[in-house]
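All remarks here apply to the structure that follows.
Convention: sequence-line order gives letters A, B, ...; per-chain numbering from 1.
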2 protein chains.
Amino acid sequence: MAQSPSTARKPSAREKLLDAAIILIRQSGFAATSVDDLCKAAGVTKGAFFHHFESKDALGAAAARHWGDTTSGLFASAPYHDPADPLDRVLAYIDFRRDLIAGEIPEYTCYAGTLVQEAYGASVDIRDACASAIFEHAKTLEADIAEAAERYGVEVDAPSLARHTQAVLQGGFILSKAAGNDGPVRESINHLRRYVELLFGRSDSPGETA
Amino acid sequence: MAQSPSTARKPSAREKLLDAAIILIRQSGFAATSVDDLCKAAGVTKGAFFHHFESKDALGAAAARHWGDTTSGLFASAPYHDPADPLDRVLAYIDFRRDLIAGEIPEYTCYAGTLVQEAYGASVDIRDACASAIFEHAKTLEADIAEAAERYGVEVDAPSLARHTQAVLQGGFILSKAAGNDGPVRESINHLRRYVELLFGRSDSPGETA
DNA sequence: TGCTACATACCGACCGGTTGGTATGTTTGT
DNA sequence: ACAAACATACCAACCGGTCGGTATGTAGCA
């Protein structure tokens, strides 16, 4: 990183390509999205593309980092951090993830999860960038989970449970893609919530009905 | 199902192409696997390919059905059906899925899950074939879950929980692809087991340690 | 201020290789 | 003999990537 002189004021070709990649690749996949498709959607030319990225793979990896940056900003400023009780914060996070599911499938699914499944064997750069986006986000959940475990006297591996929440979401996305609707993800998020409630011995469920 | 003239005695080009597709596409994805790659791996020529399949998409969908047939045979004859208690059968299924995880990533991940993520927006045939493989398998778990729910007096939506088990597996596969090892799937399967135990009020865990 | 020197951002025509698909054989089982 | 099962040869479109060039700064110096 460290390329753009401080903050670029107008949306440069680089930014537009990154944004286009996140939209188009979630729709059609990485290999099925051509460089020309990306350029057309971003309103730039191929010259601009290869001026900013040395290859299509490099764009894919850079977009994964961009995705990580964008989403981490979204989650950092989300209201699920407000509750005083750590378990409430964890449950509020799960509810927040469920609330995020709206619109068409490519709009609420995960760029990193989509990309890594397709490219894990072909490009280490892409795989690492996607892994970082997923696992770094999971790490932000560890503190609340660990605090809840201590307060409620429950024995849990906090990093493991944090990763599991992401697995449930990613898997729900896949079933929803297969089903063609958001039913499966919503269902699985509800099961995840129930798991956390049972783990920590809480029985209410202020979320929606399954 | 029901296409080959009775039982083909020797591995025809069609069978070999189907098997090659399941291996190669799990390794590299659908779009990144060319028809020539498939033919080379199957030891046949392009003429044979387009004699049996009218397009590459058609091969992808046929391979998903083939995958569904193969795996349903495997699960039907697996030993997890043996226990007398329905909850034991459900837990044995989960343990069986964990035991299936061995070798390299493309060997234990799901063809249908991999393919549908990439092609859900491009081909309805492929999407439907993958959805069928996933959700039909989930349906085979419903009876044991429903029976366990009744016996243990627990209120659960059996079809929903059955689908959730598949979501956890698919999500685990994605995290494992990102991580480069089977740690994440194994972890998530353990969480799934713990969820089922807690749901049905059982506290032992004869599975492996997390 | 005004000129040179150089960097960055971007354009779009173009290239060679690859792709999915086709047209036309030849072999094989019955 | 005849159709199904395969092989061989080929094609047009498309793909990622390159290249020569331009427009717009901006830093240095007199």
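Within a 6.0 Å radius of CD in Glu107(A), other residues, nucleotides and ligands contribute more than 12 heavy atoms.
Near DNA chain D, defined here as any heavy-atom distance below 4.0 Å, the residues from residues 52-59 of chain B are His52(B), listed numerically. Listed by residue number, Val44(A), Thr45(A) are the residues of residues 29-46 of chain A with a heavy-atom contact under 4.0 Å to DNA chain C.
The side chain to side chain contact (heavy atoms under 4.5 Å, CB included) test applied to Lys139(A) returns Glu136(A), Glu142(A), not counting sequence neighbours.
Summarising the geometry of Ser176(A) relative to Gly183(A), their closest heavy-atom pair is OG-N, 4.2 Å, with the distance given to 0.1 Å.
His51(B) has a side-chain polar atom (N or O) that falls below the 4.0 Å cut-off from OP1 or OP2 of dA5(D).
One atom, NZ of Lys16(A), and another, P of dA9(C), lie 14 Å apart when rounded to the nearest Å. Distance CZ (Arg14(B)) to P (dA4(D)): 15 Å, rounded to an integer number of Å. The CD atom of Glu15(B) sits 11 Å away from the P atom of dC6(D) (whole-angstrom rounding). Here dA9(C) presents its C1' atom at 16 Å from CZ of Phe49(A), a figure rounded to the nearest Å. Atom C1' of nucleotide dC14(C) and atom CZ of Phe50(A) are separated by 14 Å, given to the nearest angstrom.
A salt bridge links Asp95(A) to Arg98(A): one of the charged nitrogens lies within less than 4.0 Å of a carboxylate oxygen.
Proximity of His164(B) to Leu192(B): side-chain heavy atoms (C-beta onward) are separated by under 4.5 Å at one or more points. Put simply, the side chain of Leu141(A) does not reach to within 4.5 Å of the side chain of Val90(A), judged on heavy atoms.
Between His137(A) and Tyr93(A), the ring planes lie tilted relative to each other; the angle falls in the 30° to 60° range. Taking the six-membered ring for Trp and thresholds of 30 and 60 degrees, Tyr195(A) and His191(B) have ring planes more than 60 degrees apart, a perpendicular arrangement.
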